[in-house]
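The structure appears right after this line, and notes come after that.
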Number of protein chains: 2
Amino acid sequence: MKMTIKEIAKLAGVSQATVSKIINNYEDVGAKTKKRVLEIMEEHGYRPSYSAQSLAKKVTKVIGVIYAGKINANFNHPFFVDVVSSFKKTMGAEGYDLLFFSNEKFHKADENYLARCQHYNVDGCIIIGGDQVEPSVYDLDKSDIPCIGVDIQLEGKTSGYIMTDNEKVSSLAVEHFYLMGQREIGFIGGKENSLISEQRLEGFEKIMKTYGLSVNQNWIKFGDFFEDSGYQVMSEMLKEHEIPKALFAASDLMAMGAIKAIKDSGNSVQDFSIIGCDDITASRHIDPPLTTVKQDKEKIGKMAAYILNDLINKNLQHTAVKIEPELIVRESCGAAKKV
Amino acid sequence: MKMTIKEIAKLAGVSQATVSKIINNYEDVGAKTKKRVLEIMEEHGYRPSYSAQSLAKKVTKVIGVIYAGKINANFNHPFFVDVVSSFKKTMGAEGYDLLFFSNEKFHKADENYLARCQHYNVDGCIIIGGDQVEPSVYDLDKSDIPCIGVDIQLEGKTSGYIMTDNEKVSSLAVEHFYLMGQREIGFIGGKENSLISEQRLEGFEKIMKTYGLSVNQNWIKFGDFFEDSGYQVMSEMLKEHEIPKALFAASDLMAMGAIKAIKDSGNSVQDFSIIGCDDITASRHIDPPLTTVKQDKEKIGKMAAYILNDLINKNLQHTAVKIEPELIVRESCGAAKKV
DNA sequence: ACTTTTTACGAAACCGTTTTCGTTAATTAT
DNA sequence: ATAATTAACGAAAACGGTTTCGTAAAAAGT
């Protein structure tokens, strides 16, 4: 049933070479021969074997997708889902399919990403950052396989990375608080050791200083970007003596958790100002609609694809790009409104 | 830099065959030789080429992932994201990686899924159903490649499918309405030609009859499972003479859209009873928290993986399994509450 | 000490393509 | 009519592995 190039060749009365040339659009094959062979291929539903092709050529037209770190273990964080969706669309248009590496440890304990990429001989890969990034990711970075990092700083010669301007993210949030009259501002970060969390914290402290606001260390807490952690952290804060009236959470999910904690504690969410980050679709629908600092997920995915493409085609050396965030004002800064 | 088996063999002073046997855990190789070769492999970071391996063996350890139809074009519908996430986890534990086919048309217009699967020689594939499923999907179904369908009815000898019991879904919703005193019940389906939408409508009409309720055809509308369509459809309904007081939407996203439409129209959402379907994470956080019929996404993904595995290992013939839905009561049936 | 069995290994064919380079036949130039 | 060019095709060596089968040496049996 499964035809090989050899059989097609025999059927058509030509050599393998000729069939192969037809497949690959070589010039030196006659029009009638080409037509005849194509018909035979069509008739038998022949498709060249990918394995054989990528063994012979050195190109696979496959991009490896790596979710590094714990956050992404399930690759279902809304932010990254949208980024990868956009990435996939753009790469798809270039003829690439995406290979998602399962991060379950199986087989050998020493299995690492570089090995997997070499094994599959992917043309390039995208690495989605997170907290607790496995060190083996950096072996990949150092290799000659083109890599594009999202929210992770890659430094290899054939790598690049892209992320939102995270200091700006915090600036936008704090600025808004300030203009709304808030002065007692807290911060909920993601995992303490994650890059973007650090950058946002740094930006936070910097902008607070700029506005002459003092940062209360008791109001700086860390979650893990997911909702439960926001709930967790906020619940604790609510038990303290001093409670911040305004809160910037490093993800919408955590902001949502915090809001829930406020409600559950019997407080009125109206008395608080909350700003989230990401602008996931849900944030528009929650109660109250969440004011948030939007990351342009669509653009990040698309740019990641463009850069990776250039990296693969050697049109580009190591590049880092930052994407502008944008403040989306909704209704979760109610306390300020009342002022 | 990139080592081949031949070079390893030379370095170790053995034949290729021996090295290959070591890689594949053959019995007939001496202990010291094995040790020596393994060390050399380790030292040079050697990894067998995937292409060469899967050309020689006939197995790829890769599963194709196909998002059929329009709904999933961006593979970012929260329901399917969670299903696939769970699927990935389970398959990953079995040593499979996932290949996501880009659904952008590129290259040849006649490119179809079967061709892609044959091309990559995947061990099996998962097909995520939707509306407007491309006919080429059924060629794949008919082939001898093991397929598991989610929300799509596959009939091939080496296929199976899994979905929530959709008639039960509607029953749960209508039952709840009934118990809450609602009698004027409307239905918002997904795309009219999608399987699950049809099944839910069928279940809806059946259960309405059971309860002796008449279904008003003006209250049966169709969207596309996404939020905007829910908004759209609800807005129109609100302009009509008769307006249903209770509404079952075939997806949480559409329910959210409908709620927004109600609010925007100046009506009080308290005057309506809304039930959604899926139980995506956002539904817990919206205003009001959405009562919904939950699909067990985790279980569906896991079962899909199990079935596919059995299909691949020929431990199973064609199978269809239905998963029980569950009603999650929250606060979006407020009108009933007031009764 | 001699046969039989077992152990450890290698030669070589094969998996299904691509690609280089050479060759012949047809075409064009002179 | 002859030489030079071009067009169309094929032989065969790669690509990097796996696997069958044969064989020499070592171990075991007698």
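Numbered from 1 within each chain, the chains take letters A, B, ... in sequence-line order. Values in this document were obtained by computation on a predicted structure and should not be read as measured data.
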### Message
If you assign B/Tyr26 and B/Ser51 each to the DNA chain D nucleotide with the nearest heavy atom, which residue ends up on the more 5' nucleotide?
### Response
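Closest to the 5' end, via its nearest nucleotide, is B/Ser51.
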### Query
Would you call B/Lys61 and B/Asp97 a salt bridge, using N to O less than 4.0 angstrom?
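Answer for the salt bridge query: no.
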### A/Glu39/A/Lys35 salt bridge by N-O under 4.0 Å criterion
yes
Distance check needed: [N] [atom2] versus [X] [atom1], whole Å only.
| X | N | atom1 | atom2 | value |
| --- | --- | --- | --- | --- |
| B/Ile22 | D/dT19 | CD1 | P | 15 Å |
| A/Ile5 | D/dA14 | CD1 | P | 19 Å |
| A/Leu55 | D/dA13 | CG | P | 17 Å |
| B/His119 | C/dT17 | NE2 | P | 10 Å |

### Under 3.5 Å: donor-acceptor pair, side chain of B/His318, backbone of B/Leu154
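At least one qualifying donor-acceptor pair exists.
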### Message
Strictly distance-based, threshold 3.5 Å: is any side-chain N or O of B/Ser54 a donor or acceptor partner for the main-chain N or O of B/Tyr50?
### Response
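Yes.
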Give every pair of a protein N or O atom and an N or O atom of nucleotides 6-10 of chain C that lie under 3.5 Å apart, one pair per line with the distance.
residue, atom, partner, partner atom, Å
C/dC9, OP1, B/Thr33, OG1, 2.5
C/dC9, OP2, B/Gly30, N, 2.4
C/dC9, OP2, B/Thr33, OG1, 3.0
C/dC9, N4, B/Asp28, OD2, 2.8
C/dG10, OP2, B/Ser15, N, 2.8
C/dG10, OP2, B/Ser15, OG, 3.1
C/dG10, OP2, B/Thr18, OG1, 2.6
C/dG10, O6, B/Lys21, NZ, 2.5

### Query
Between A/Asn121 and A/Thr60, does any side-chain donor sit less than 3.5 Å from a side-chain acceptor?
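Note: A/Asn121 and A/Thr60 side chains miss the donor-acceptor criterion.
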### Message
Taking any heavy-atom pair under 4.0 Å as a contact, classify A/Tyr46: base, sugar-phosphate, or nothing.
### Response
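The answer is sugar-phosphate, as A/Tyr46 gets under 4.0 Å only of primed atoms, P, OP1 or OP2.
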Does a side-chain N or O from [X] land closer than 4.0 Å to OP1 or OP2 of [N], or not?
| X | N | result |
| --- | --- | --- |
| A/Lys58 | D/dG16 | yes |
| B/Lys6 | D/dC15 | no |
| A/Ser49 | C/dG16 | no |
| A/Thr4 | C/dG16 | no |

### Query
Taking for each residue the nucleotide of DNA chain C bearing the nearest heavy atom, is the 5' side occupied by A/Asn24 or by B/Ala56?
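This one resolves to B/Ala56.
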### Message
A/Met303 and side chain to side chain contact (heavy atoms under 4.5 Å, CB included): which single residue from A/Val83, A/Ile162, A/Thr90, A/Val150 fits?
### Response
A/Ile162
